[in-house]
Enquirer: 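Below you will find the structure I want to go over with you.
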Amino acid sequence: MTVESTAARKPRRSSSKRASSAAAKPPQSSEPQLVQLLTPEGERVRHPDYDVELTHDELRGLYRDMVLTRRFDAEATSLQRQGELGLWASLLGQEAAQIGSGRATREDDYVFPTYREHGVAWCRGVDPTNLLGMFRGVNHGGWDPNTNNFHLYTIVIGSQTLHATGYAMGVAKDGADSAVVAYFGDGASSQGDVLESFNFAAVYNAPVVFFCQNNQWAISEPTEKQMRVPLYQRAQGFGFPGVRVDGNDVLACLAVTKEALERARRGEGPTLIEAFTYRMGAHTTSDDPSKYRNDDERVAWEAKDPILRLQRYLEAEGAADQAYFDELEAESETMGKRVREAVRAMPDPDPLAIFEHTHADGHALVDEERAQFAAYQASFAEEGN
Amino acid sequence: MAATKMPIAKAINESLRKAMENDPKVLIMGEDVGRLGGVFRVTDGLHKDFGDGRVIDTPLAESGIVGTAIGLALRGYRPVVEIQFDGFVFPAYDQIVTQLAKMHARALGKIKLPVVIRIPYGGGIGAVEHHSESPEALFAHVAGLKVVSPSNSSDAYWMMQQAIQSDDPIIFFEPKRRYWDKGDVDTDAIPSPLHKARIAREGTDLTLVAYGPMVKVCLEAAAAAQEEGKSLEVVDLRSMSPLDFDTIQSSVEKTRRLVVVHEAPVFLGTGAEIAARITERSFYHLEAPVLRVGGYHTPYPPARLEEEYLPGLDRVLDAVDRSLAY
Ligand SMILES: Cc1ncc(C[n+]2csc(CCOP(=O)(O)OP(=O)(O)O)c2C)c(N)n1
């Protein structure tokens with residue numbers, strides 16, 4: 001297996017030649033070479049540069065994370081179908097990328113997600129029900145980012161990569177050894193903000209890891225409509241390493257992200273990780289993928305399912321028995337029920353909440369409008385409407 | 001030819017199709033506008049019939065979309081670009097404000113920028129953040145841009161034709177929550193000028209001015225007021241820049257009262273300009289101050305509160321009562 005690091009930690013004479021010839025050709029999206037530690041069949045393989053040693057306990061932990069995350073996601077999708085949520089962006093298929101990278105972070109690291117990072121939120125200890133408020137339409141965020149060092153979801157594509165970079169610049173200024181992870185999609189890689197964040201991170205040697213989940217689609221647009229050069233290779237042009245990892249392999253995602261975070265902690269600057277994965281479902285519940293892609297593609301990716309592959313490995317290793325799987329199934333059920341109940345019990349906000357938190361120090365016009373609004377509302381109560 | 005009934009989204013689609021048939025220089029550009037036909041299906045079928053060269057799925061980069069559209073326009077094309085939702089225009093705002101709006105003037109009129117920027121805007125569809133905003137005043141404030149918004153299928157059809165034919169950059173705000181409202185489109189009609197307001201309903205006691213999504217609300221308010229014996233005139237602005245003050249003025253000088261309604265925040269909004277200008281022009285005709293109904297000086301709220309935020313019948317009629325009470 002070839003190492004796909006652009007700024008190779010072990011310099012090779014042929015590398016620049018290979019890179020330029022690859023750049024001249026359109027990307028070979030069929031079977032990319034990527035860092036892999038667990039094959040789709042669940043077989044453990046070795047990689048010259050990346051490895052993780054995990055106990056059976058830890059392996060089961062990763063499995064549990066992925067199963068519960070998938071269950072949570074499925075629950076949210078059905079809650080949307082039942083009209084309890086206005087919208088849902090499913091992470092189905094991306095569990096390994098999110099759990100692997102999320103579990104690589106340390107408590108004092110800081111994560112800047114986009115809007116699909118439900119698995120990363122789980123790893124950061126955010127209560128999953130908090131993620132649902134914005135999709136139900138009761139708030140625009142729903143959690144205190146500083147409780148778990150997990151920033152709010154960002155809807156405007158790419159914006160958060162600059163915030164992550166700036167935050168990381170602050171971490172470096174403070175002399176702290178924590179690191180920052182910025183999540184974004186393959187589509188986002190076309191945004192100026194993302195490219196500017198790469199440049200800032202490189203110039204200021206910021207301790208930030210750019211974690212791109214290349215799930216092959218930006219709504220209806222395939223990656224060919226976003227880029228001509230494989231994404232991870234872009235890092236080289238900015239002056240930091242890029243690596244493509246099998247995004248459906250939780251062990252590889254963990255190993256690669258850990259390495260990048262350690263690099264950042266050592267003061268060696270940013271890394272771009274491209275997790276090569278697949279969005280199994282629709283872009284969001286408003287989207288109809290049958291308009292732009294065929295089922296064959298999905299079927300091919302189903303064979304690389306991240307959960308199934310770890311399950312095979314656990315079984316082969318004798319790391320989990322039937323009792324474990326049964327228990328986890330029961331835990332999933334309980335979690336699903338809890339999420340369902342929590343969402344149904346989520347109250348609509350007080351109408352006056354419109355005027356809350358527009359400014360930290362208040363604003364006279366907002367205060368005036370709040371008072372007018374309150375009086376207007378009260379007039380209905382008087383009329384008994 | 002008899003008029004055909006079609007929803008606003010379809011009327012825009014037909015209009016784009018006609019413009020592309022008539023002029024090979026017309027291009028469609030944007031995110032997901034090709035095979036998907038746009039997230040609202042406004043460009044549905046165009047990619048199939050006109051191909052990749054004319055209906056261009058772009059990278060996910062709004063600054064790139066508008067910036068390259070400027071270059072294509074400089075080369076003689078007439079790009080019609082789609083910004084997927086109101087809140088996503090801001091990465092392109094720099095290109096629109098600092099470049100698109102000013103280039104014609106800087107070149108002493110020697111170059112033309114026939115770029116249409118389509119933006120589905122406004123709330124009422126239960127969406128998440130950045131999908132429900134009304135940023136029209138931010139564009140109307142910029143010299144060099146023209147800003148329009150149709151409220152019905154016929155205007156959607158004709159105003160799009162006119163916008164594409166115009167040699168100026170036009171920000172074309174599409175009232176997304178009205179996309180599915182049906183209305184007559186007569187494709188043989190002689191359309192009224194793009195920047196002329198329309199009397200949507202005649203009345204004698206008070207003038208309601210609105211545009212885009214709020215025209216329907218105002219017509220409903222006028223119908224409700226009729227039952228209480230009040231006769232409201234409704235003016236559909238159609239264009240926020242230039243603004244047809246003459247039509248508003250003559251309506252106001254007839255009814256002597258004016259209420260302006262829009263979803264966008266009231267503060268420094270389109271209504272503020274109308275109130276100031278009409279007060280200046282028609283001070284001695286007015287029986288009451290010009291009132292405004294609109295959004296608050298807050299972020300657009302989460303979906304569960306948007307009904308409280310958006311002007312509805314009650315808030316419009318409340319303002320009507322306040323005006324009539326003077
Ligand atoms: C600036 C901006 N433009 C457009 C959109 C609309 N939009 C939402 S998600 C999306 C596709 C994102 O694709 P990608 O970055 O690959 O992330 P994925 O959803 O696949 O995880 C688009 C175009 C947006 N949210 N922000």
Side-chain angles (χ1 to χ4, degrees), chain A residues 86-87 115 133-141 153-159 185-194 218-222 225-227 283-284 286-288 291-293 347-358 363 365-366 368-370 372-373 376-377 379-380 385, chain B residues 30-41 44 47 52 56-65 67 84-85 87-92 94-95 125-132 265-268 293-310 314-315 318-319:
Chain A
L87 182 82
Y115 45 72
M134 93 180 260
F135 292 99
R136 187 173 169 87
V138 302
N139 59 44
H140 285 320
Y153 277 179
T154 298
I155 301 276
V156 180
I157 296 296
S159 295
D186 43 295
S189 73
S190 295
Q191 285 286 356
D193 275 5
V194 173
I219 310 189
S220 74
E221 299 199 24
K225 283 283 189 301
Q226 308 293 341
M227 66 197 79
H283 168 68
T284 66
S286 307
D287 173 43
D288 172 12
K291 282 255 174 195
Y292 54 83
R293 71 182 190 191
D348 279 359
D350 175 350
L352 281 164
I354 291 172
F355 300 92
E356 296 309 316
H357 310 301
T358 304
H363 185 293
L365 175 61
V366 178
E368 187 186 320
E369 288 186 350
R370 182 200 284 113
Q372 283 165 358
F373 181 85
Y376 180 64
Q377 293 273 311
S379 72
F380 288 98
N385 280 351
Chain B
E31 294 157 13
D32 304 291
V33 297
R35 232 175 333 157
L36 185 64
V39 291
F40 290 107
R41 307 287 183 270
D44 202 23
H47 179 261
D52 272 343
I56 304 169
D57 264 331
T58 65
L60 208 179
E62 287 75 11
S63 179
I65 293 170
Q84 205 157 69
F85 280 91
F88 307 145
V89 70
F90 296 104
D94 169 37
Q95 285 288 344
I125 63 161
V128 293
E129 248 196 317
H130 311 298
H131 289 73
S132 305
V266 165
F267 184 61
L268 292 175
V293 181
Y296 305 109
H297 197 54
T298 64
Y300 191 88
R304 297 266 170 158
L305 290 181
E306 69 180 341
E307 290 309 323
E308 314 282 350
Y309 177 93
L310 291 168
D314 285 334
R315 276 174 65 201
D318 185 61

Enquirer: Shortest non-hydrogen contact from A/P349 to B/L305?
Expert: O-CD2, 3.5 Å
Enquirer: Return the option, out of B/T58, B/L36, B/D32, with the maximum number of heavy-atom pairs under 4.5 Å with chain A.
Expert: B/D32
Enquirer: Evaluate B/F88 against A/I155 for side-chain contact (heavy atoms from CB on, under 4.5 Å), listing each step before the verdict.
Expert: CA-CA 9 Å; B/F88 307 145; A/I155 301 276; 3.9 Å; yes
Enquirer: Using a cut-off of under 4.5 Å for heavy-atom pairs, which of A/V366, A/L87, A/D287 has the most such pairs with chain B?
Expert: A/V366
Enquirer: Given side chains that start at C-beta, do those of B/E62 and A/V156 come closer than 4.5 Å, heavy atoms only?
Expert: no
Enquirer: Under a 4.0 Å threshold between the charged nitrogen and the carboxylate oxygen, would A/D348 count as salt-bridged to B/R304?
Expert: yes
Enquirer: Keeping A/H140 on the side-chain end and B/Y300 on the backbone end, is there a donor-acceptor pair under 3.5 Å?
Expert: yes
Enquirer: For A/H363, is it the side chain, the backbone, both or neither that has a heavy atom under 4.5 Å from a heavy atom of chain B?
Expert: side chain
Enquirer: Are B/R41 and A/D288 close enough that some pair of their side-chain heavy atoms sits under 4.5 Å apart?
Expert: yes
Enquirer: Quick check on B/D44 against chain A: is it the side chain, the backbone, both or neither that has a heavy atom closer than 4.5 Å?
Expert: side chain
Enquirer: Return the OH to CZ distance between B/Y309 and A/F355, rounded to the nearest 0.5 Å.
Expert: 9.0 Å
Enquirer: Does A/Q226 reach the side chain of B/P59, with side-chain heavy atoms less than 4.5 Å apart?
Expert: yes
Enquirer: Between A/E356 and chain B, which part of the residue has a heavy atom less than 4.5 Å away: side chain, backbone, both or neither?
Expert: neither
Enquirer: As an exercise, state the distance from OG1 of B/T298 to NE2 of A/H357, rounded to the nearest 0.5 Å.
Expert: 12.5 Å
Enquirer: Kindly indicate whether the side chain of A/R293, heavy atoms from C-beta on, has any atom under 4.5 Å from the side chain of B/R35.
Expert: no
Enquirer: So, do B/H297 and A/E369 sit near enough that their side-chain heavy atoms are less than 4.5 Å apart?
Expert: yes
Enquirer: Report which part of B/E31 has an atom under 4.5 Å of a heavy atom belonging to chain A: side chain, backbone, both, or neither.
Expert: both
Enquirer: Hey, which of A/S286, A/G158, A/G187 has the most heavy atom pairs under 4.5 Å with chain B?
Expert: A/G187
Enquirer: Hey, which of A/G192, A/P351, A/G86, A/A188 has the most heavy atom pairs under 4.5 Å with chain B?
Expert: A/P351
Enquirer: Can you name the nearest heavy-atom pair linking A/G137 to B/P302, along with the distance?
Expert: O-CB, 3.1 Å
Enquirer: When rounded to the nearest 0.5 angstrom, what distance separates NE2 in B/H130 from OG in A/S159?
Expert: 7.5 Å
Enquirer: For B/V128 and A/F135, work out which heavy atoms get closest and say how close.
Expert: CG1-CA, 4.4 Å
Enquirer: So do A/I219 and B/Q84 actually touch side chain to side chain, heavy atoms under 4.5 Å?
Expert: yes
Enquirer: Are the side chain of A/E221 and the backbone N or O of B/L60 linked by a donor-acceptor pair below 3.5 Å?
Expert: no
Enquirer: For A/L365, is it the side chain, the backbone, both, or neither that has a heavy atom closer than 4.5 Å to a heavy atom of chain B?
Expert: side chain
Enquirer: Please classify the contact between A/D193 and chain B as side chain, backbone, both or neither, with a heavy-atom cut-off of under 4.5 Å.
Expert: neither
Enquirer: Of the listed residues (B/D314, B/I125, B/D57), which shares the most heavy-atom pairs with chain A below a 4.5 Å separation?
Expert: B/D57
Enquirer: Hey, does the side chain of A/Y376 reach the backbone of B/D318 with a donor-acceptor pair shorter than 3.5 angstrom?
Expert: no
Enquirer: When you look at B/Y296 and A/R370, which way does the side-chain contact (heavy atoms from CB on, under 4.5 Å) test go after all the steps?
Expert: CA-CA 9 Å; B/Y296 305 109; A/R370 182 200 284 113; over 6 Å; no
